[in-house]
K.L.:
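Questions regarding the structure given below will be posed in turn.
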Amino acid sequence: MSIHFRRQTEKLKKMVLTLGGMVEQALRDAINSLDQRDPELAQRVIRGDRQINSTEVEIEEECLATLALHQPVAFDLRYLIAILKMCNDLERIGDLAVNVAEQAKFLCSEEEIMHVPYDLTAMASRAQMMLKNALDALVNVDTTLAEGVRAADRQVDAIYREMFELIEAAMRENPHQLTQLIHYLQIGRQIERLADHAVNIAEDVLYLSNGEFFKKNAGDENDTIGRIGHA
Amino acid sequence: MGTNPVMDKSMSTTESDLNNANTATVTQPDDRDQLTLEQIAATDNFKSETHDALYQESPIINVKNFNLWYGSKQALFNINMPIAEGQVTALVGPSGCGKSTLLRSVNRINDLIDGLHIDGEMDLNGAPIYDKSVDVIELRKRMGMVFQKPNPFPMSIFENVVYSLRIDGERNKGVLEEVCERSLRGSALWDEVKDRIHESALGLSGGQQQRLCIARAIAAEPEVLLMDEPCSALDPIATGKIEDLVEELRGEYTILMVTHNMQQASRASNYTAFMYLGRLVEYGPTRDIFTNPHLRPTEDYISGRFG
Ligand SMILES: Nc1ncnc2c1ncn2[C@@H]1O[C@H](COP(=O)(O)OP(=O)(O)O)[C@@H](O)[C@H]1O
Ligand SMILES: [Mg+2]
């Protein structure tokens, strides 16, 4: 690997980790804005999305130029492909954090409900941990950590699967809270989806280390549940 | 700004437009975009597509309206080319397009050829290269040259490196040794040869010999390094080492490198100049030339869709 190329991949890795940091912050702020009923914080997440998007574009351009100029093969090629895919997933997580922030902003203007019928706190903190670990796994191409992210997703999925029944029951019990409950349902969906993107990032790390593509199975199943839940 | 992309593109060479207002045949970049290489080759004063980024750089060498003939055969046509200080500039193009001719014009080793005739100007740091008052020997010292085939002199590694200092009459052993070590380190050869610097340079491998030639060039503390296909006689490993070395020398030296290897240009240079039959077709940041060239012929050439 030439000095030039090595510097270039180091630069790309730093850029992805910077993007990762921005997305982690957006997610943390989105969840805090919900927790603390802080519409300004939610607004900040919404505004910050533009910078996340432009950083993603920058990384993509850098990757494409690196591919064109260095024509890497084997690990080097997988590395660049993985980075391209990862920044796409990070950008999507950023979008989902914005969705959560929008729901949070709306909920701030509604009467507060004392009890969220499903374990949103656990779901949110798992998802955040998954994102953090996926990014850490990239730093040293740590496959154990990456495998851990896939495992953690099953817990998020489990909470998600129960969520529909719990919300449905709560709606029957407290029909006057219907609006809020619908928004909490949306929030659960966003978090489940962003956890899936964290899994994608972890799977890119696994792909990087051994060149095998991983197919996520649980995701499709969840989507079905999602659709039924909405019907 | 930015309302009409076609307009933007035509405006992107404002400065060069001012510099080359005398070009008559083809002046519209929009037209140039549609030109074929055959048409370019039929134009004596083709105006190169020089990217804006070049005008943001401070040029150490500036080539202006430069033409060159070998006897009655013209080999360079109206070349306008600022060369960025401290950067690596690659000259690419099919063989016979005039890359070596241009490179050899810069330090005037072409002067030795019978029947050679030039027209136009070249500056080094603002001072004309082709001026009667220029001491050609002094000029060449300011520009180290590395050739296609490594050409170590049949003497020790040490004597090869300090050759230019010997010529200048330097006798101080301490100075010579210091320059030798510094130059060999600079050319990433020191660790491989430090225990045998008094042995013949001819015993080195091809790649080592080429790095020795680079050490010999930088021992004279030149401002510019001219390299003519420095890797074409080397295997991929030795080539990789030279490319790494080029990357390390960048900044301290300005490097102008001829290569017929497009990948080498894309890997190792900051600026790329694409030449065709004596014309400079397109010249810009290597990244842009290889990801988004402005002219169709450049795109065709770098993609291998050519001829
Ligand atoms: N010493 C020379 N005498 C006459 N013609 C020459 C001489 N050197 C080069 N040429 C001609 O000038 C043109 C450019 O050659 P050159 O600069 O060596 O091209 P490149 O380095 O791009 O392969 C070619 O047509 C070549 O035949
Ligand atoms: Mg040549």
Side-chain angles (χ1 to χ4, degrees), chain A residues 1-20 22 47 49-91 141 204 208-209 211, chain B residues 51 53 87-90 92 185-188 207 211 214 230-231 234-252 255 257 259 261-272 274 284-294 298-305:
Chain A
M1 207 197 313
S2 77
I3 293 180
H4 212 125
F5 183 72
R6 199 161 55 233
R7 285 186 187 152
Q8 192 61 24
T9 52
E10 274 307 309
K11 176 177 171 188
L12 277 167
K13 183 165 157 183
K14 276 199 198 111
M15 288 175 91
V16 170
L17 294 176
T18 304
L19 177 63
M22 290 161 70
R47 267 201 313 269
D49 194 46
R50 207 190 293 161
Q51 211 199 333
I52 290 178
N53 292 347
S54 67
T55 306
E56 193 228 348
V57 171
E58 249 172 64
I59 299 174
E60 252 173 42
E61 282 174 353
E62 199 67 29
C63 271
L64 293 179
T66 310
L67 285 169
L69 299 181
H70 296 274
Q71 300 166 9
V73 296
F75 180 86
D76 298 340
L77 178 61
R78 297 205 302 275
Y79 197 88
L80 288 186
I81 300 294
I83 282 186
L84 263 177
K85 292 170 70 196
M86 274 177 200
C87 66
N88 188 31
D89 280 308
L90 285 171
E91 191 269 337
V141 193
D204 286 335
L208 191 57
S209 75
Chain B
H51 295 208
Q87 304 288 351
V88 180
T89 300
V92 305
R185 282 191 191 282
S187 69
R211 278 179 285 146
I214 293 172
C231 302
L234 306 181
D235 64 51
I237 304 275
T239 297
K241 284 188 184 168
I242 299 284
E243 285 176 11
D244 278 353
L245 179 54
V246 165
E247 167 70 9
E248 291 299 304
L249 294 173
R250 183 166 71 88
E252 197 171 345
I255 298 175
M257 180 171 68
T259 174
N261 179 336
M262 299 294 280
Q263 288 194 29
Q264 177 161 68
S266 76
R267 285 189 301 252
S269 72
N270 307 102
Y271 288 99
T272 296
F274 166 47
T286 297
R287 165 181 293 224
D288 296 338
I289 295 286
F290 284 90
T291 56
N292 201 7
H294 293 178
T298 313
E299 168 117 24
D300 288 347
Y301 183 70
I302 59 162
S303 327
R305 267 182 270 126

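All values below were derived from every heavy atom in this structure, side-chain atoms included, with hydrogens, water molecules and symmetry-related copies excluded. Keep in mind that this is a model prediction, so the values were computed, not measured. Labels below follow one simple rule: chain letters A, B, ... track the order of the sequence lines, proteins then strands, and each chain is numbered from 1.
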K.L.:
Starting at CG of Leu67(A), measure out to OG1 of Thr291(B) and round the result to the nearest 0.5 Å.
P.N.:
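One finds 11.0 Å between CG of Leu67(A) and OG1 of Thr291(B).
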K.L.:
For a quick test of reading the model, state the closest non-hydrogen atom pair linking Glu247(B) to Ile3(A) and the distance between them.
P.N.:
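Closest heavy-atom pair between Glu247(B) and Ile3(A): CG-CG2, 4.1 Å.
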K.L.:
Flag yes if more than 12 heavy atoms outside Gln71(A) fall under 6.0 Å of its CD atom; otherwise flag no.
P.N.:
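Enclosed: over 12 neighbouring heavy atoms sit under 6.0 Å from CD of Gln71(A).
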K.L.:
Looking at every heavy atom in both Ser266(B) and Ala68(A), which two are closest together, and how far apart are they?
P.N.:
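Nearest heavy atoms, Ser266(B) then Ala68(A): OG-O, 4.3 Å.
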K.L.:
For Arg267(B) and His4(A), work out which heavy atoms get closest and say how close.
P.N.:
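Closest approach of Arg267(B) to His4(A), heavy atoms only: O-ND1, 3.3 Å.
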K.L.:
Distance from Asn292(B) atom CG to Leu64(A) atom CG, nearest 0.5 Å?
P.N.:
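Rounded to the nearest 0.5 Å, the CG-CG separation comes to 11.0 Å.
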